[in-house]
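First up is the structure itself, then whatever we jot down about it.
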Amino acid sequence: MLEKAYDPKPVEEKRLASWDAAQLSRSVPGAKPPFTIVIPPPNVTGALHIGHALNNSLQDAFIRHHRMKGEEACWVPGCDHGGIATQNVMEKQLKAEKIDRHALGRDAFLERMQVWTRDCKKTILGQLHRLGASLDWKREAFTMDEERGKAVFHAFKTLWERGLIYRGERLVNWCVRCGTALSDIEVEREERKGALYHIHYPLEGGGEGAVVATTRPITMFGDTAVAINPKDKRWTHLIGKRVLIPFTNRSIPIIEDTYVDFEFGTGCLKVTPAHDQNDWEIGQRHKLPAIKVLGRDGKLTDWAGQYAGLSREKAHDQVIADLESEKYLRKKEDHKSAVQICYRCSSIIEPLLSFQWFVNQIELAKAPLKALDSGEFKIYPTSWVKPYRDWLVNIKDWCVSRQIWWGHRIPVWYCLTCTNPIAYLGTEVQLKSGKDAGMQVKQYLAGSILEGGISFDELLALNPFFEFEAGKDVDAKSIASFPGLKVSQTKPDTCKTCGKNHWYQDSDVLDTWFSSALWPLAVFGWPEKTKDLAYYYPTSTLVTGYEILYLWVARMQMMGHAFMDKPAFPDAVIHGIVRDKSGKKMSKSLGNVIDPLVMMEKHGTDALRFALMAQAHPGKDIAFDEQTVVGARNFVNKLWNSTRFVLMNLPETPAVYSLGSKNLEFADRWILSRYQRVVSHAQASLDAYDPAAAAQELYVFLWDEFCAWYIELAKGRLTGAEGESKDAVRAILVHILAGSLKALHPIMPFVTEELYAEIKAYAGESAEFILRGGYPVLDGSRVNPEVEKEMSLVMGAVTSIRSLRSQLNVPPGLKIKAVAEGPFAAALLGKHRAYALLLAQLESLEPMNGGRPAQSATAVADGVTFHIPLAGVIDFAKERERLAKDLAKAEGDIEKCAAKLKNLSAAASAPAEKVAEAKEQHDAAAARRDRLKETIAVLS
RNA sequence: GCCCAGUUGGCGCAGUGGUAGCGCGCUCCCUUGACAUGGGAGAGGUCAUAGGUUCAAAUCCUAUACUGGGCACCA
């Protein structure tokens with residue numbers, strides 16, 4: 001006997017243990033068609049949030065669905081090392097412990113990261129397990145484990161050999177806080193209020209010069225020109241002259257360039273090629289030098305003269321104060337501009353000229369684009385196709401080097417004896433004359449670094465200044481001029497050129513998304529030609545949020561095509577994000593974060609899963625309200641209790657109740673028809689990646705049709721004598737319940753498994769787990785629209801009596817007599833009589849012989865009118881009021897139906913069946929109106 | 001600036017041409033042996049606005065407004 005209410009916790013624990021023991025979600029290559037999903041590996045930054053709960057509930061539903069359909073479903077678990085995001089977590093921890101990362105050193109830092117990662121993976125995988133995720137746990141992978149390391153190296157090497165990876169000096173997005181470069185898509189924008197400063201640059205040799213407008217005065221020390229538009233008459237007289245930068249008095253030329261918009265600011269543009277993308281381009285056109293005035297540490301360099309060493313914020317304030325007091329500042333106006341923000345720490349990004357590694361995405365994007373256009377790759381919902389396509393079309397090269405410690409170290413080694421190391425390491429290369437610092441550093445490296453006595457950071461601390469012949473990219477083709485460079489996963493053997501072994505590995509690591517991009521390949525053992533890879537690749541479906549469509553989805557497709565000539569998956573399901581109940585994004589600072597574990601503790605895992613999935617309409621964000629989980633919990637309980645009821649009406653020792661050739665009565669045929677329809681439609685919805693539709697449909701069917709109507713009807717027969725009718729109803733209950741539990745299983749695995757175990761013996765089934773047994777066998781011939789239509793008349797008739805009872809305050813327990821008239825009355829008095837008596841709490845139901853009974857109230861439904869004698873109870877004023885309302889409704893219906901009918905009959909093109917249907921609707925409403933009018937007339 | 005999506009009862013959302021639905025909330029009644037995590041009955045919407053197509057529009061088209069998102073930005 002089941003408990004009165006469902007208690008999720010013990011059931012979940014028990015089921016998880018039995019699934020684990022049976023290795024239910026294990027998958028190995030076989031004969032069945034594979035259905036494969038690789039998990040979007042969560043970053044090892046902490047615990048899972050509600051978005052992960054949604055993402056993984058969806059995947060689990062799809063995986064279970066396909067497994068139940070008989071496919072070899074394989075869902076690969078794992079975590080992502082998470083690069084900057086994870087390093088930031090550790091840096092915060094260190095800060096709390098008052099430990100300086102650089103004092104700790106790279107190796108010790110990485111050791112701590114490993115420990116953290118181990119714990120974090122355990123937490124995350126434990127949470128996924130708790131969620132019921134049917135992952136193939138034996139396949140657990142990590143983007144930075146040994147196997148994935150091989151894949152990363154192989155990918156790097158292959159791309160390098162194909163000339164698709166190069167190192168060059170470019171203007172990149174630099175996060176001062178994180179101390180690293182970022183790719184373009186890792187930069188967010190935010191509109192912020194600022195000011196536009198008009199600054200006077202005096203003419204060299206004296207006189208009025210140019211007034212430039214800028215939002216960032218500190219960059220002026222890096223200016224290498226002032227540009228004006230050649231058509232701007234106000235300034236053309238300055239062309240060819242030179243102006244002086246305030247304070248440092250460096251002289252720069254006035255140049256002309258059509259890029260300059262003379263509507264904006266003063267019409268004079270200061271050009272800072274090293275710190276602005278547009279200025280960089282102007283610089284390229286005019287062969288201007290690029291001066292780095294801001295260092296990697298966010299402090300001003302020696303080029304800033306007296307301001308050198310100040311942070312960008314302090315320097316900003318100081319420079320403005322000085323410009324003002326020295327009368328260089330001509331004007332300050334309010335100005336809104338979109339500042340660039342780091343997607344990991346939200347600090348302001350600086351465009352910075354530096355040496356970085358790049359992947360040629362322009363080349364790699366070609367195949368994915370073709371796959372998209374040919375339909376080889378589909379995105380659900382389709383609204384993301386265009387943004388995805390646009391991104392691929394306008395793609396730029398991908399900066400993949402990161403100046404952090406946590407990640408795959410770039411597998412490139414430099415021979416320090418036979419090359420100028422600074423040319424490779426050369427991150428602090430400055431356009432400044434004098435000194436042979438390069439040589440000094442080279443000797444220093446050759447002498448000490450190889451003894452292990454210096455860290456790269458210490459090297460940087462030397463801050464070497466020297467003239468660098470820049471502009472030359474390093475790639476596989478130009479490698480001849482860089483003989484001291486070698487791509488290798490481990491330290492290379494003796495250098496062929498110099499015969500020594502002075503190798504230093506590039507100190508940068510790869511963008512975390514580089515290894516993520518290889519995920520669908522790497523989890524199956526690529527680059528080895530494994531059985532897994534042959535069987536599972538390409539994977540079937542990828543399920544993820546839109547925020548990483550470009551960062552991840554697009555990159556996986558690029559890599560998939562590049563290395564396997566096939567997309568990584570033919571389908572991508574893009575779901576929305578989970579917001580708070582008022583639609584705001586969840587964030588720690590807003591304090592509106594929902595912890596999925598808390599929801600699972602409070603309401604059960606099935607409830608959380610159902611609540612999320614019932615709202616997961618394709619591509620739409622979810623406004624998450626805990627009330628929805630409570631509602632789902634109630635549904636779980638409803639399911640529990642309906643099974644409890646069925647079991648109470650079955651013998652304790654299971655006997656098989658098969659539908660077989662049982663003599664089914666009307667209600668049986670009705671519920672079977674509905675069941676057929678609903679379950680097959682729910683499965684189709686899951687096929688179409690629309691779990692919300694499946695969840696909704698099953699919810700309504702089970703609660704409103706199966707429980708509220710069929711079970712209530714069944715009670716009549718179940719309390720009666722043993723016999724064929726009773727066995728038939730038992731068979732139907734068992735059959736539909738077992739099938740519905742299976743249909744719901746992908747969405748709420750725990751309770752369905754538990755209840756199925758209770759009921760399966762009665763259904764003559766023996767599968768140990770729902771997943772193993774698969775979906776119920778459906779029989780389309782059971783769909784019966786006529787029966788469904790007739791049942792709706794029965795329901796309408798019952799509802800009309802219930803409504804009358806309620807509105808006339810007839811006590812619910814009081815059985816009343818009724819007489820019926822009308823075209824449908826015969827059926828109600830005949831085969832549906834028992835239903836009507838039971839559901840409407842009637843003492844008797846008789847045909848109307850002679851006139852309408854005295855002192856009676858009237859209920860009018862389609863096809864039937866009931867008269868219910870209520871002598872002494874009835875309030876005629878109230879009754880008239882009630883009937884008047886029904887009449888108004890009937891008349892409204894007639895009006896609408898008449899309009900429709902008129903429309904249809906006026907149109908030659910109108911289909912005949914539509915006309916007939918409209919006529920029927922119209923006549924039914926008209927009949928109701930007539931009955932009501934008569935009754936009202938009698939009452940008054 | 002360009003592009004996309006959304007705008008449906010108090011709140012959150014379904015509904016791709018034929019009399020507007022669901023969940024939550026609200027009102028009234030009910031602890032009759034599956035379930036008060038329940039049952040029954042109700043109230044509540046001219047489907048953002050303006051045009052258009054059609055016999056018929058929440059649904060298709062156009063424009064506008066607002067909201068959200070993507071992309072690109074003038075220093």
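As the structure is a prediction and not an experimental result, all values here were calculated from the model. Throughout, protein chains are lettered first and strands after them, A, B, ... in sequence-line order, and every chain is numbered starting at 1.
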Could you tell me the separation between the [atom1] atom of [X] and the [atom2] atom of [N], rounded to a whole number of Å?
X        : N     : atom1 : atom2 : value
A:His617 : B:G15 : NE2   : P     : 6 Å
A:Leu196 : B:A75 : CG    : P     : 8 Å
A:Lys878 : B:G42 : NZ    : P     : 14 Å
A:Trp391 : B:C71 : CH2   : P     : 10 Å
A:Leu808 : B:C29 : CG    : P     : 15 Å
A:Ile577 : B:G6  : CD1   : C1'   : 15 Å
A:Asp7   : B:U37 : CG    : P     : 15 Å
A:Tyr546 : B:G70 : OH    : C1'   : 10 Å

Self-check item: Given RNA chain B, 5'-ward residue of the pair A:Ser337 and A:Lys620, judged by closest heavy atom
Solution: A:Lys620

Between [M] and [N] - [atom1] atom distance, rounded Å:
N     : M     : atom1 : answer
B:C11 : B:G69 : C1'   : 23 Å
B:U64 : B:C26 : C1'   : 36 Å
B:G21 : B:G9  : C1'   : 11 Å
B:U67 : B:C30 : C1'   : 44 Å

Quiz item: What is the per-nucleotide protein-contact pattern of nucleotides 18-25 of chain B, from the 5' end, where B denotes a base atom under 4.0 Å from a protein heavy atom, S denotes such proximity for sugar-phosphate atoms only, and - denotes neither?
Solution: BBS-SSS-

Quiz item: For the base of B:A14, is there a side-chain donor-acceptor partner from A:Gln615 under 3.5 Å away?
Solution: no

Exercise. Please state whether the base of B:C3 and the side chain of A:Lys386 form at least one donor-acceptor pair under 3.5 Å?
Key: no

Exercise. Give a yes or no on whether the backbone of A:Gln841 and the side-chain of A:Arg805 come within a donor-acceptor separation of less than 3.5 Å.
Key: yes

Quiz prompt | Name of the residue among A:Val226, A:Leu329, A:Thr266 meeting side-chain contact (heavy atoms from CB on, under 4.5 Å) with A:Val211 | solution = A:Thr266

Quiz prompt | Contact summary for A:Asn637 and A:Lys4, nearest pair of heavy atoms | solution = OD1-O, 4.4 Å

Self-check item: Under the ring-ring contact (aromatic ring centres under 6.0 Å, His included) test, residues paired with A:Tyr546 that sit two or more places apart
Solution: A:Trp384

Exercise. State which residues pass side-chain hydrogen bond (donor to acceptor under 3.5 Å, both in side chains) with A:Tyr689; sequence neighbours excluded, sorted by chain then number.
Key: A:Thr541, A:Asp571

Quiz item: Do A:Glu917 and A:Lys914 sit within salt-bridge range, that is, some charged N less than 4.0 Å from a carboxylate O?
Solution: no

Quiz item: What do you reckon, are the aromatic ring centroids of A:Phe610 and A:Phe635 less than 6.0 Å apart?
Solution: yes

Nucleotide paired to [N] in any strand shown, Watson-Crick or G-U, under 3.5 Å:
N     : result
B:G42 : B:C26
B:U19 : none
B:A48 : B:U64
B:C2  : B:G70
B:C35 : none

Exercise. Assign A:Ser905 to base, sugar-phosphate, or nothing according to its heavy-atom contacts below 4.0 angstrom with the strands shown.
Key: nothing

